[in-house]
There are 2 protein chains.
Amino acid sequence: METLRERKKQRTREALLRTALELFTTQGYEGTTVDDIAEAVDVSQRTFFRYFAGKEEAALALEEMTVAHFLEAVRERPLHEAPMEALRQAVLEGWDTLNDVIEAVAPVELYLRMYKVVESTPALLAAHLRRSVETEEAIARILAEREGVDMDTDPRPRLAVAVFGGVMRLTERQWSTGEDFSLDAMRALTVSYLEQVGPALSESWRTH
Amino acid sequence: METLRERKKQRTREALLRTALELFTTQGYEGTTVDDIAEAVDVSQRTFFRYFAGKEEAALALEEMTVAHFLEAVRERPLHEAPMEALRQAVLEGWDTLNDVIEAVAPVELYLRMYKVVESTPALLAAHLRRSVETEEAIARILAEREGVDMDTDPRPRLAVAVFGGVMRLTERQWSTGEDFSLDAMRALTVSYLEQVGPALSESWRTH
DNA sequence: AGGCTAATGACAGCCTCTGACAATTGACAA
DNA sequence: TTGTCAATTGTCAGAGGCTGTCATTAGCCT
């Protein structure tokens, strides 16, 4: 952001994003129109769509940053860790360093509030899940390269990621609807669920 | 469907659905407008929205039928089967008896073609995934009751379903993009992936 | 046959998103 | 500094999904 022009663009984008998130978390996603956002920032509606492909993109912009951050964490995991363990450590580390990634754009608190909005708004949840598919494909690629296997012939990378992704999405959902809506609670849930995957799979749950 | 009125409604709905699916599979989902469908059936656009909550609902109507069918299959699995095994058998059985559920509305071949449309259309894939969340919640409830555990305190039902769902979605995706687009191929993929979940999880994949 | 009710059509309107063109504003060299 | 070029924005116009409303039609039932 050298030139004045670039700085202005940056400021417009951040104003749009911050305003959008603020409105989404207070009036709800569907209760907020793009016109509302544009008007609050004092730009035309058309300008909003020049910065964001759609309402969804603005709503999920923070998440996109954290996903990128998580992918980076996976890439940097030591090679001696087994795939699932590497993923596990990467998520936990991701939560720990969440603030470093977000703070420049918005307070963590706003991110957390958006989480609930996403989870409780059908249209947003749908968009979120669709993105997860792409994220999982990216993670699978990282794992495959890491372990030196070929994704096209070996299903294990995608399989491991599918399982991991399933558990993580469940974790998010339970967390966002639970009472303890803190990062610590999220960490605890993650650890707990990942621990119980094994037992949940092959055994019978009955205690007769 | 006793009265003439009810028969007419039934016919209108089926005409709309069949026409919609036909257009979706030939011109694509986004290349088809609701007006196109309504016009082809010779009803007003408003009438379309009286039968379907939206374009999505029409596109996913067949799938909804098969999901209901699958849930029924899960409910009827013998109690001696472990949870994951019951789910596995239910899916396989679901595929076997797919035709019985679909044929009254549309040929299986149309259902299969729609599968590719869903998987390759972002908006539809998103809607599909969102529905999967609800489906998984329903399955978890069935499993919990079956095994006599309380979902609110025991995470295993949701956990098992999350894992299973993750694997099944991967299966669908790989199947829909693969070359062998037959039900047999689907069955084979399902069995194969479920077999490899265990190995993919805890071990290292390297063969040094 | 005639009243009742359900189904449909016809508008009008809101919201998301896009293309096109003109106006503005910063960048940069002469 | 000024003039030119390019990037940013605003303004329109319009498509497409979806909803509310109200009048009209058509099946139902006595």
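We name chains A, B, ... by the order of the sequence lines, and we start the count at 1 in each one.
- The residue from B:T25, B:T26, B:L125, B:L21 that alone fulfils the side chain to side chain contact (heavy atoms under 4.5 Å, CB included) condition with B:V117 is B:T25.
- Classification of the A:F181-A:W175 ring pair by plane angle, with boundaries at 30° and 60°, yields parallel.
- Rounded to 10 degrees, the angle between the two end axes of the helix from C:dA1-D:dT30 to C:dA30-D:dT1 is 0°, with five pairs used at each end.
- Regarding B:R46, its CZ atom lies at a distance of 14 Å from the P atom of C:dA7, rounded to whole Å.
- In terms of modelled atom types and a separation under 3.5 Å, the side chain of A:Y111 and the main chain of A:E103 share no donor-acceptor contact.
- Residues B:E39 and B:Q45 are not in side-chain contact: their nearest non-hydrogen atoms beyond the backbone lie 4.5 Å or more apart.
- If you measure from atom CG of B:D36 to atom C1' of D:dG17, you get 13 Å, rounded to the nearest angstrom.
- Minimum atom distance to the side chain of B:Q45 is reached by D:dT19, of the listed C:dT16, D:dT19, D:dG10.
- Following rounding to the nearest Å, B:D35 (CG) and D:dA15 (P) show an atom-to-atom distance of 11 Å.
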Worksheet item: What does nucleotides 22-30 of chain D look like as a protein-contact string, B for base, S for sugar-phosphate only, - for none, at under 4.0 angstrom between heavy atoms?
Response: -----BS--
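- Taken from CD in A:Q174 to CD in A:E119, the straight-line distance is 9.5 Å, to the nearest 0.5 Å.
- Nucleic acid contact for B:T33: sugar-phosphate only, since backbone atoms but no base atoms lie under 4.0 Å from a heavy atom of the residue.
- An OP1 or OP2 oxygen of C:dT8 is reached within less than 4.0 angstrom by a side-chain nitrogen or oxygen of B:Y51.
- The residue B:F48 sits apart from the nucleic acid: no heavy atom pair falls under 4.0 Å.
- Counting to the nearest Å, the P atom of C:dT25 and the CZ atom of A:R11 are 15 Å from each other.
- Distances shown here put every side-chain N or O of B:K9 at or beyond 4.0 Å from the OP1 or OP2 atom of C:dA6.
- The aromatic rings of A:F164 and A:F70 sit parallel, their planes meeting at an angle under 30°, below the 60° perpendicular limit.
- When rounded to the nearest whole Å, the span between CD of B:Q10 and C1' of C:dT8 equals 18 Å.
- Here the C1' atom of nucleotide D:dT9 and the CD atom of A:E39 are 17 Å apart, to the nearest Å.
- Side-chain atoms of B:D96 never come within 3.5 Å of backbone atoms of B:E93 as a donor-acceptor pair (strictly under, hydrogens ignored).
- Computed from coordinates, the B:K55 NZ to C:dT16 P distance equals 18 Å when rounded to whole Å.
- Formation of a donor-acceptor pair under 3.5 Å by the A:K9 side chain with backbone atoms of A:Y51 is not found in this model.
- The nearest whole Å value for the distance from the CZ atom in A:F49 to the C1' atom in D:dG10 is 15 Å.
- Side chain of A:T3 to backbone of A:E6: a donor-acceptor contact under 3.5 angstrom is found.
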